[in-house]
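Notes follow the structure.
Each chain gets a letter, A, B and so on, in the order the sequences are listed, and its residues count up from 1.
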Number of protein chains: 2
Amino acid sequence: MNDTMKYRKSRQRERILEILHGTKSHPTADTIYIELKSEFPDLSLGNVYRNLNILMDQGHIQRLDFGSTFNRFDGNPHIHSHFICEKCGSVSDLEIDHKDQAEIAGLADKSGLRKISRYKLDFYGICEKCIH
Amino acid sequence: MNDTMKYRKSRQRERILEILHGTKSHPTADTIYIELKSEFPDLSLGNVYRNLNILMDQGHIQRLDFGSTFNRFDGNPHIHSHFICEKCGSVSDLEIDHKDQAEIAGLADKSGLRKISRYKLDFYGICEKCIH
DNA sequence: CTGGATGCAAAGGGTTTGCACGTTT
DNA sequence: AAACGTGCAAACCCTTTGCATCCAG
């Protein structure tokens, strides 16, 4: 898949993107599938995956993975940090100052000859709900 | 699995740990399996996985995952950063100063009520070999 | 009309697991 | 002897894919 391919419009794909834009929960493919199943009774999980891949290819979303067996999807395609609760598994966005981001990017440059294009910084712990 | 379980000694498990301690390549389970197959002709891939899980449970190694379909394993159980080549897929360790590490850990604290226990910072790009 | 989009079901592929046998303590 | 370790093969589970059909442009 690459961006020279052209995609038609599809109601299912539009709705998937809308869902991802309308939530901060970073849902799994299956969660999206369940949510849309009432709207599109014939919807198949395979098609959700197909459309998620197309949306990634179009640069509208990104796939997240934190070591679990399944992936999560994020309606924000730009690299940003996440906080993963090790108790309930929830994933939330984590804001980092631009200034700090630059510092982090700088760290990598210290270490050699590689050409670094991006980094991934995620935090793990116990979320506010689970802490009590 | 938890640390109240007791494990016996097993030659296969010892060798898996030796291999992980003796390489910087962060091999996959399958790579370890292939490497040990000549030494233990009856070795099964399932047993490699079982032992990798036990070694993780014992805190001797860690599992790494960078979004590929398969995991890699690291003989160094302590959190540290990696560099992943987006062309050849190789994974190498990346040293970060203690001072800088403290800074990164501090970033997370700025952002709220969560209890953060660890972070994961990995860099992606093109490695020295692939850059030419 | 042409070629992408979909549903369905099957296939993929890494990882785990049940079972009977082997091995450590 | 008791219980963990192993090989083997099957099962798991998320994800992808082949195919016939449907639908957008």
Specify the separation, in whole Å, of atom [atom1] of [X] and atom [atom2] of [N].
| X | N | atom1 | atom2 | result |
| --- | --- | --- | --- | --- |
| B:Glu39 | D:dT6 | CD | P | 13 Å |
| A:Asn71 | D:dC13 | CG | C1' | 12 Å |
| A:Gln58 | C:dG4 | CD | C1' | 12 Å |
| B:Arg11 | C:dG22 | CZ | P | 22 Å |
| A:Asp42 | D:dC23 | CG | P | 10 Å |
| B:Asn47 | C:dA20 | CG | C1' | 15 Å |
| A:Ile32 | D:dC14 | CD1 | C1' | 14 Å |
| B:Phe40 | C:dT23 | CZ | P | 13 Å |

Minimum-distance nucleotide to [X] side chain [options: [options]]:
| X | options | answer |
| --- | --- | --- |
| A:Arg63 | D:dT16, C:dG7, D:dG7 | D:dT16 |
| A:Phe70 | C:dG7, D:dC14, D:dT6 | D:dC14 |
| B:Ile54 | D:dG7, C:dT6, D:dG5 | D:dG5 |
| B:Thr69 | D:dT6, D:dA24, C:dG14 | C:dG14 |
| A:Asn53 | D:dG5, D:dT16, C:dC8 | D:dT16 |
| B:Leu43 | C:dT6, D:dG7, D:dC4 | D:dG7 |

**OP:** Compute both the distance and the angle, then confirm whether A:Arg63 meets the cation-pi test with A:Phe73: under 6.0 Å from the six-membered ring centre, within 45 degrees of the axis.
**Re:** no
Subject >> A:Tyr124 and A:Phe66 aromatic ring geometry - parallel, tilted or perpendicular at 30°/60° bounds >> reply: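 A:Phe66 vs A:Tyr124 ring planes: perpendicular.
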**OP:** Over 60° means perpendicular and under 30° means parallel, so classify the ring planes of B:His80 and B:His26, tilted if in between.
**Re:** tilted
Under 4.0 Å between a side-chain N or O of [X] and OP1 or OP2 of [N]?
| X | N | value |
| --- | --- | --- |
| A:Ser10 | C:dT6 | yes |
| B:Gln12 | D:dT6 | yes |
| A:Ser44 | C:dG7 | yes |

Subject >> Salt bridge present between A:Arg13 and A:Glu18 (N-O < 4.0 angstrom) >> reply: no
Original post:
In terms of side-chain geometry, is the basic nitrogen of A:Glu128 or B:Lys115 positioned less than 4.0 Å from the acidic oxygen of its partner?
Top reply: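 Result for this pair is no, no salt bridge flagged.
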**OP:** Could you tell me the separation between the OG atom of B:Ser90 and the CD1 atom of B:Ile84, rounded to the nearest 0.5 Å?
**Re:** 9.0 Å
Touch check for [X], heavy atoms < 4.0 angstrom, all strands: base, sugar-phosphate only, or nothing?
| X | result |
| --- | --- |
| A:Leu45 | base |
| B:Asn51 | sugar-phosphate |
| B:Asp30 | nothing |

Subject >> Whichever of B:Arg72 and B:Arg8 has its nearest DNA chain C nucleotide further upstream toward 5' >> reply: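 The residue whose closest nucleotide sits nearer the 5' end is B:Arg72.
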Original post:
On a plain distance test, is the side chain of B:Arg50 in donor-acceptor contact with the base of D:dG7 below 3.5 Å?
Top reply: yes
Original post:
Counting only distance, no hydrogens or angles, is the base of C:dA5 paired donor-acceptor with the side chain of A:Arg13 under 3.5 Å?
Top reply: no
**OP:** For B:Lys37 and for B:Lys9, find the nucleotide of DNA chain D with the closest heavy atom, then tell me which residue's nucleotide is more 5'.
**Re:**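 The 5'-side residue here is B:Lys9.
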